[in-house]
Enquirer: 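I'd like to ask you about the structure that follows.
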There are 2 protein chains.
Amino acid sequence: MEPGAIDYRDLCMSAAPSRLAGPAERASRRRSAASGSGPGVTLADVAREAGVSSATASRAISGRGPIAAQTRARVLAAVAKLEFEPSPLGRSLRMQTTGLVGVVVPDIADPFYAAAVKGIQHRLEASGYHVALVDTDERVDRETAAIRSLLVARVDGLVVCTSGIAGSWLADAVRRSRTPVVFFDNAVAGVGVGSVTLANEDGMRLLVDHLVVAHGHRRVAYVGGRLSETSGVERLEGFRIGLLAAGLSPVDAYVRMGDWTPASGARETEALLALDEGPTAIVYANARMAFAGLHVLHERGVRVPDGIALASFDDAEGGALLDPPLTALVRRDQQIGDLAGSLILRVLAYAEAGPMHVRIPMELALRRSCGCAGVTA
Amino acid sequence: MEPGAIDYRDLCMSAAPSRLAGPAERASRRRSAASGSGPGVTLADVAREAGVSSATASRAISGRGPIAAQTRARVLAAVAKLEFEPSPLGRSLRMQTTGLVGVVVPDIADPFYAAAVKGIQHRLEASGYHVALVDTDERVDRETAAIRSLLVARVDGLVVCTSGIAGSWLADAVRRSRTPVVFFDNAVAGVGVGSVTLANEDGMRLLVDHLVVAHGHRRVAYVGGRLSETSGVERLEGFRIGLLAAGLSPVDAYVRMGDWTPASGARETEALLALDEGPTAIVYANARMAFAGLHVLHERGVRVPDGIALASFDDAEGGALLDPPLTALVRRDQQIGDLAGSLILRVLAYAEAGPMHVRIPMELALRRSCGCAGVTA
DNA sequence: CTGAAAGCGCTAACAG
DNA sequence: CTGTTAGCGCTTTCAG
């Protein structure tokens, strides 16, 4: 082990106490102002160097306000010479703006949210915003704390996927702070300047319709997600309506509720298998549950799709790689994040009026787990 | 479609121009100061309400400096009454501290980085820091821009996984800014206050050793990751040394270089299959390439592990769910992030001296893809 | 123990 | 067109 290296177990003991001093408690590190260039150089320095007032320097740099071309050039030269970088701290205080957008997600380890965050971040970065990310572990109390804390930090906007249909607290807090909020994946009725959601109901109907009409299944089961989230509610509704539209009626025993996790997908699949007269097809409300379900079926020696056919609402990197490849609804993964980012930017840039709600349509990818030959990629 | 709802295609046209006005260009929204409570209440308001000076109010709230218990109580009452939340903007300017830690990752959609970010965020949140996340898409130019931009934003610290062994720019920038940096997964020699990396070499040796010694393979191939990253280099080295230690010599044709992506995993696997005398076992440098490789093998009708045995350096949610379950090295996924967070906190809290380098040991999970019976979970 | 005053770095009115 | 002045909200000497 090289010098300076330590065993990770030691670190767990020594450097990971449950609570270290936070930013507010820390003594301020003084800037060293070492070479007189780079961070540490102030606008006043630039002004002095250029022989103008700091107001003029500010105008030259920001491009706002009248300024003689020649003066501007002098200032810019000074900026370059001193390698001046305007400090956002002074500007933030003055402008009441942080250049930060808070992003709150239930679980960044879920590939769906990871992709969404990627989309949001790329979008916002292009407009000069930074993303303050908080992962809530799907816990409503953590979500509440996260939003509160981001509001205190004076983020310019918020992009939130709430877990749990948010109560009045969220609505109040958001309204009072006058901070624009965009919801994605799960919307909150009546709150926020916009939302981006999937066509949960339509998509699920597509899936059910395919299983029933194209493949003739009549005993179709459903493994759903949390009903405390709108996506869970809407997908279930889509399942029921899809069944009814196809002339079948939902059977209670075939409708199982999971919580989006692989563990719950496995559990509910086993429950379905234990039934006297089991289903001939199972629809999962998301990919992670479907993956786990497929695994259970393999273990039990049930052939897919011959024994039981499978389909999933939601795809993920790997759905196409499974054996058999999973029939699912597809979308460009970062799209939802990109749109959510666009929505919040629209408000930040133009302070536009009415809320804007976007639904992303879903497309069916017919692979082999439903019984198709697997034409679609 | 409900009122206010629009089709997403319209939005792509109307609200997603390539560049919207950024924070610096926006006119400042004036606080409405509506009810006189909540955000908008200033320390001066509290002081007035409590009948003290703002200096005293500050002392009462921050807990720093001498203050009479009674006075403090009066101030705290005023705080509660007005629902005062200290503005971080004023404090930031004064303290030269933002409470922000920049986190830079190559690809948040990679489950490994997602888990790492989760660990980092949770750790930092516990100490009151926010995480400013940037995803670089594995592009060095984006990484450079990200770090520069975070430094300009005056983050208090940086946690970085660099893609590409960072050149002198990074070293310079980091040193000059005097901002503490912790590297994870990929380290950069001589730069930063710490690093958290996996035991790449040891782990890979474990894998090779198992294949050769336990299962008697003599034609072992390797599908590696980028050699512009230390993890890529170290894993390759581990493979070579492992082979040598087992008394075999590496065969050039069996050593293929991918770039961590599933696509490259598939491509190199096919190249291996095209060989006259192909390998009897393949070791992959990460899970995503292994998944794709397994898929290719399935498609080609090669039985795993009978035809070709498989093992992967790196696991991921789902490795155990594959068919056959994938033999791989395992770790607690968020651990690397947790440790990286601890390391940067240590520096932020104590401004401690020497750099600290941590290696996370890897453990072998014997599943079925290598030929084992699949005892380990 | 408390108050007055200065200032972090920047921008915006308002004069000149 | 440019300089002066006045803060944004907070912390911290320095006196009292």
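For the numbers below, each heavy atom of this structure counts, side chains included, while hydrogens, waters and symmetry mates do not. Per chain, numbering begins at 1; letters A, B, ... match sequence-line order.
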Enquirer: Axis-to-axis angle across the helix from C:dC1-D:dG16 to C:dG16-D:dC1, five pairs an end, to 10 degrees?
Expert: 40°
Enquirer: Is there a donor in the side chain of A:His122 and an acceptor in the side chain of B:Asp135, or the other way round, less than 3.5 Å apart?
Expert: yes
Enquirer: In whole angstrom, what separates A:Gln96's CD from C:dG9's P?
Expert: 18 Å
Enquirer: Rounding to a whole Å, what distance do you find between A:Leu93:CG and D:dC10:C1'?
Expert: 8 Å
Enquirer: In whole Å, I'd like the distance from the CZ atom of A:Arg74 to the C1' atom of D:dC1.
Expert: 12 Å
Enquirer: Return no unless some side-chain N or O of B:Ser87 is found under 4.0 Å from OP1 or OP2 of D:dG9.
Expert: no
Enquirer: For A:Arg72, which residues count as a side-chain hydrogen bond (donor to acceptor under 3.5 Å, both in side chains) partner, sequence neighbours excluded?
Expert: none
Enquirer: Would A:Ile120 and A:Tyr129 count as a side-chain contact (heavy atoms from CB on, under 4.5 Å) if you check the C-alpha gap in whole Å, the side-chain angles of each, and the deciding distance to 0.1 Å?
Expert: CA-CA 10 Å; A:Ile120 295 170; A:Tyr129 285 92; over 6 Å; no
Enquirer: Would you kindly give the CZ-to-C1' distance between A:Arg94 and C:dG7, to the nearest whole Å?
Expert: 15 Å
Enquirer: Holding to side-chain contact (heavy atoms from CB on, under 4.5 Å), I want the full list of residues that pass it with B:Val191, two or more places apart in sequence or in another chain.
Expert: B:Ala171, B:Val174, B:Phe183, B:Val188
Enquirer: Check the distance between D:dC8's C1' and A:Leu43's CG and give it to me in whole angstrom.
Expert: 16 Å
Enquirer: May I have the distance from B:Asp45 (atom CG) to D:dC8 (atom C1'), rounded to whole angstrom?
Expert: 13 Å
Enquirer: Please report, rounded to the nearest Å, how far the C1' atom of D:dT13 is from the CE atom of B:Met95.
Expert: 15 Å
Enquirer: In whole Å, I'd like the distance from the CD1 atom of B:Ile61 to the C1' atom of D:dT12.
Expert: 15 Å
Enquirer: Can you name the side-chain hydrogen bond (donor to acceptor under 3.5 Å, both in side chains) partners of B:Ser149, sequence neighbours left out?
Expert: A:His130
Enquirer: Please name all residues satisfying side-chain hydrogen bond (donor to acceptor under 3.5 Å, both in side chains) with A:Arg48, sequence neighbours left out, ordered by chain then number.
Expert: A:Asp45
Enquirer: Any protein N or O atoms within reach of nucleotides 2-5 of chain C? Criterion: under 3.5 Å, listing atom names and distances.
Expert:
residue, atom, partner, partner atom, Å
C:dT2, OP1, B:Thr71, OG1, 2.2
C:dT2, OP2, B:Ala68, N, 2.8
C:dT2, OP2, B:Thr71, OG1, 3.4
C:dG3, OP2, B:Ser53, N, 3.0
C:dG3, OP2, B:Ser53, OG, 3.4
C:dG3, OP2, B:Thr56, OG1, 2.7
C:dG3, N7, B:Arg59, NH2, 2.9
C:dG3, O6, B:Arg59, NH1, 3.3
C:dG3, O6, B:Arg59, NH2, 3.4

